[in-house]
Amino acid sequence: MHVRVFLSRYRGYQTCADCGGARLRREARDVRVGGRTIHDVCALTVKDAQRFFADLTLTDREAAIAGRSCARSSAGWAS
């Protein structure tokens, strides 16, 4: 018997009351881009996400924050 199957007896399938199944910390869930949370954007279909990002306009401040965040996350992926 695989360990995964053995452990499945003890696993629950309840949605977290804090995050509602988003699996993100509160600070990450509070971030909004174009009026949507990260969880909302990730739940979009590819076609809807493409439309969302094509129509998205950022202020200079938002663009600067996004640039720093993207640089930080891409550096994390490289290491």
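Just so it is clear, the values below take in all heavy atoms, side chains as well, and ignore hydrogens, waters and symmetry mates.
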Colleague: Same hydrophobic cluster for Tyr10 and Val3, using side-chain heavy-atom links shorter than 4.5 Å among ILVMFWY?
Modeller: yes
Colleague: Shortest non-hydrogen contact from Thr15 to Gly20?
Modeller: CG2-C, 3.4 Å
Colleague: Are side-chain heavy atoms of Glu27 and Val31 found at a separation under 4.5 Å?
Modeller: no
Colleague: Around Gln50, counting heavy atoms of other residues, nucleotides and ligands shown, do more than 12 lie under 6.0 Å from its CD?
Modeller: no
Colleague: Heavy atoms only: give me the nearest Arg29-Asp18 pair and the separation to one decimal.
Modeller: NH2-O, 3.2 Å
Colleague: Quick one: pull up CZ in Arg4 and CZ in Arg11 and give me the separation to the nearest 0.5 Å.
Modeller: 8.0 Å
Colleague: Please report the shortest heavy-atom distance between Val41 and Phe52, naming the atom on each side.
Modeller: CG2-CE2, 3.8 Å
Colleague: Would you please test Leu24 and Ile38 for side chain to side chain contact (heavy atoms under 4.5 Å, CB included) and show each step?
Modeller: CA-CA 9 Å; Leu24 296 167; Ile38 296 168; 4.3 Å; yes
Colleague: Counting only heavy atoms not in Asp55 (residues, nucleotides, ligands), do more than 12 fall under 6.0 Å from its CG?
Modeller: yes
Colleague: Which residue is it: Asp48, Asp40, Val46? I am looking for the one with a side chain to side chain contact (heavy atoms under 4.5 Å, CB included) to Leu44.
Modeller: Asp48
